[in-house]
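If you're wondering where the values come from, they're calculated on a predicted model, not measured in any experiment. Whatever order the structure lists ligands and atoms in, that order sets their numbers, starting from 1.
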Amino acid sequence: MCQPSSLVDIQATIVQIQPLSADVSIISLDCPAIAKTAKPGNFVNIKVNSATQPLLRRPFSIHNVRESIIEIMVKSIGIGTALLCNTSAGSTVMVLGPLGNSFDVTSKPFHTAVLVSGGIGTAPMLFLEQTLTAHGKTVVNLVGGRTKNDLLTHNLSNCHSATDDGSAGFKGTIIDLLAHKLPELLANGEIKIFACGPHQMLKALAQFCHQHHLTCDLSLESMMGCGIGICYGCSVTLHSSDGVTKNILLCREGAVIDAESFVD
Ligand SMILES: Cc1cc2nc3c(=O)[nH]c(=O)nc-3n(C[C@H](O)[C@H](O)[C@H](O)COP(=O)(O)OP(=O)(O)OC[C@H]3O[C@@H](n4cnc5c(N)ncnc54)[C@H](O)[C@@H]3O)c2cc1C
């Protein structure tokens with residue numbers, strides 16, 4: 001998991017806002033300097049307007065990169081995300097990035113990448129899938145949601161879904177689906193899991209990967225302020241294999257972590 005080499009804070013024009021559902025939109029931002037250096041797993045920290053409220057920026061994973069454009073997938077859950085989703089194309093926002101480390105797609109050999117996501121945790125998976133495909137990996141997406149309305153499979157390929165209520169796809173959690181598919185996924189050789197989603201889902205997945213000796217990168221979320229390690233607002237407690245706990249700043253040493261350090 002590598003740190004990005006270049007960081008910029010730029011005034012970016014919103015090129016397009018594409019609603020995917022009642023509360024989720026894809027927002028395209030013209031950010032050539034970020035698009036050029038972004039890696040999957042990186043995020044940006046956005047000042048959603050020029051007013052003093054909300055004061056803090058809001059972090060979003062980089063969903064896709066197209067030439068000079070970066071796309072973010074935003075779920076409207078509060079003041080900042082609602083403002084962003086209701087902004088018009090042509091307006092500008094301040095975008096700081098690329099931030100954080102990135103998913104590790106190269107250091108260990110594996111045949112199949114299994115991308116496990118839940119809810120808005122699907123946001124970083126398109127960029128990751130494209131990068132893995134460019135590295136010659138087979139990619140399988142497992143996408144979970146509480147109901148079919150929570151599934152975000154936008155533009156992902158080779159996608160299998162699970163819903164808690166069985167309204168679409170496999171009935172059960174995304175971990176149940178992974179367990180069900182594991183023999184088939186392992187049939188072609190080593191696999192590596194990449195995941196993003198709600199805290200409890202990632203906790204359960206870390207435990208599952210530990211039990212089955214699977215390598216897994218998790219992209220975590222936390223409350224976050226500055227995004228650059230100054231405010232200490234995103235401290236997360238992790239564990240090392242010898243039982244020692246340590247606190248990291250998710251904005252600098254994450255948001256991608258080794259799942260083994262997330263096992264309680
Ligand atoms: C590294 C990282 C990447 C992220 N990527 C995405 C993404 O790609 N797409 C996306 O839609 N969201 C993403 N998020 C979450 C997003 O940043 C928050 O939803 C957003 O900051 C909420 O702002 P708001 O002003 O709308 O909510 P607020 O009005 O500030 O809060 C509304 C409610 O949401 C809760 N809340 C706020 N922020 C978070 C958070 N980070 N985690 C859990 N609960 C929160 C608050 O406690 C409150 O209950 C990411 C977060 C991090 C840390």
Side-chain angles (χ1 to χ4, degrees), residues 1 3-4 7 14 17-29 31 34 38-49 51-65 70-87 93-103 115 117-129 143 145 150-156 194-203 217-236 248-257 262:
M1 288 163 245
Q3 293 290 327
L7 176 64
I14 296 180
I17 303 180
Q18 180 195 355
L20 292 184
S21 66
D23 58 358
V24 177
S25 297
I26 306 268
I27 300 179
S28 305
L29 299 146
C31 297
I34 297 177
K39 294 196 172 110
N42 287 164
F43 63 96
V44 288
N45 213 8
I46 298 185
K47 179 83 179 82
V48 298
N49 60 13
T52 49
Q53 288 297 325
L55 184 64
L56 297 175
R57 292 176 184 235
R58 300 297 194 254
F60 300 97
S61 303
I62 297 177
H63 168 67
N64 194 17
V65 176
I70 64 161
E71 292 177 350
I72 54 171
M73 183 191 266
V74 180
K75 179 166 182 159
S76 181
I77 63 156
I79 180 173
T81 46
L83 278 166
L84 201 51
C85 290
N86 290 320
T87 311
V93 286
M94 291 305 294
V95 183
L96 178 68
L99 293 165
N101 60 7
S102 53
F103 288 109
L115 279 48
S117 58
I120 194 64
T122 308
M125 296 311 180
L126 181 61
F127 187 21
L128 176 60
E129 174 187 312
V143 178
D150 302 309
L151 292 175
L152 292 165
T153 53
H154 179 76
N155 279 345
L156 295 175
F194 299 87
C196 185
H199 186 87
Q200 286 311 320
M201 175 199 128
L202 298 182
K203 272 284 173 200
D217 282 1
L218 302 177
S219 179
L220 297 188
E221 263 196 29
S222 72
M223 299 302 277
M224 196 173 278
C226 68
I228 51 175
I230 294 171
C231 74
Y232 281 66
C234 59
S235 177
V236 174
I248 64 155
L249 293 180
L250 201 67
C251 68
R252 286 180 68 113
E253 295 168 76
V256 181
I257 59 153
F262 206 49

Problem set entry | Ile27 side chain near Thr87 side chain, heavy-atom distance below 4.5 Å |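 No, side chains not in contact.
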Give a yes or no on whether the backbone of [Y] and the side-chain of [X] come within a donor-acceptor separation of less than 3.5 Å.
X: Asn42; Y: Asn101; result: yes
X: Asn45; Y: Gly225; result: yes
X: Arg58; Y: Leu56; result: yes

Problem set entry | Amino acids contacting ligand 1, non-hydrogen cut-off under 4.0 Å |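 Phe43, Arg58, Pro59, Phe60, Ser61, Met73, Val74, Lys75, Ile77, Gly78, Ile79, Gly80, Thr81, Ile120, Ala123, Glu221, Ser222, Met223, Met224, Ala255.
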Exercise. Looking at Phe103, does the NZ or CZ of Lys39 lie under 6.0 angstrom from its six-membered ring centre and within 45 degrees of the ring axis?
Worked result: no
Exercise. Partners of Glu129 by salt bridge (Lys or Arg N to Asp or Glu O under 4.0 Å), sequence neighbours excluded?
Worked result: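 If we apply the salt bridge (Lys or Arg N to Asp or Glu O under 4.0 Å) test to Glu129, skipping adjacent residues, there are no hits.
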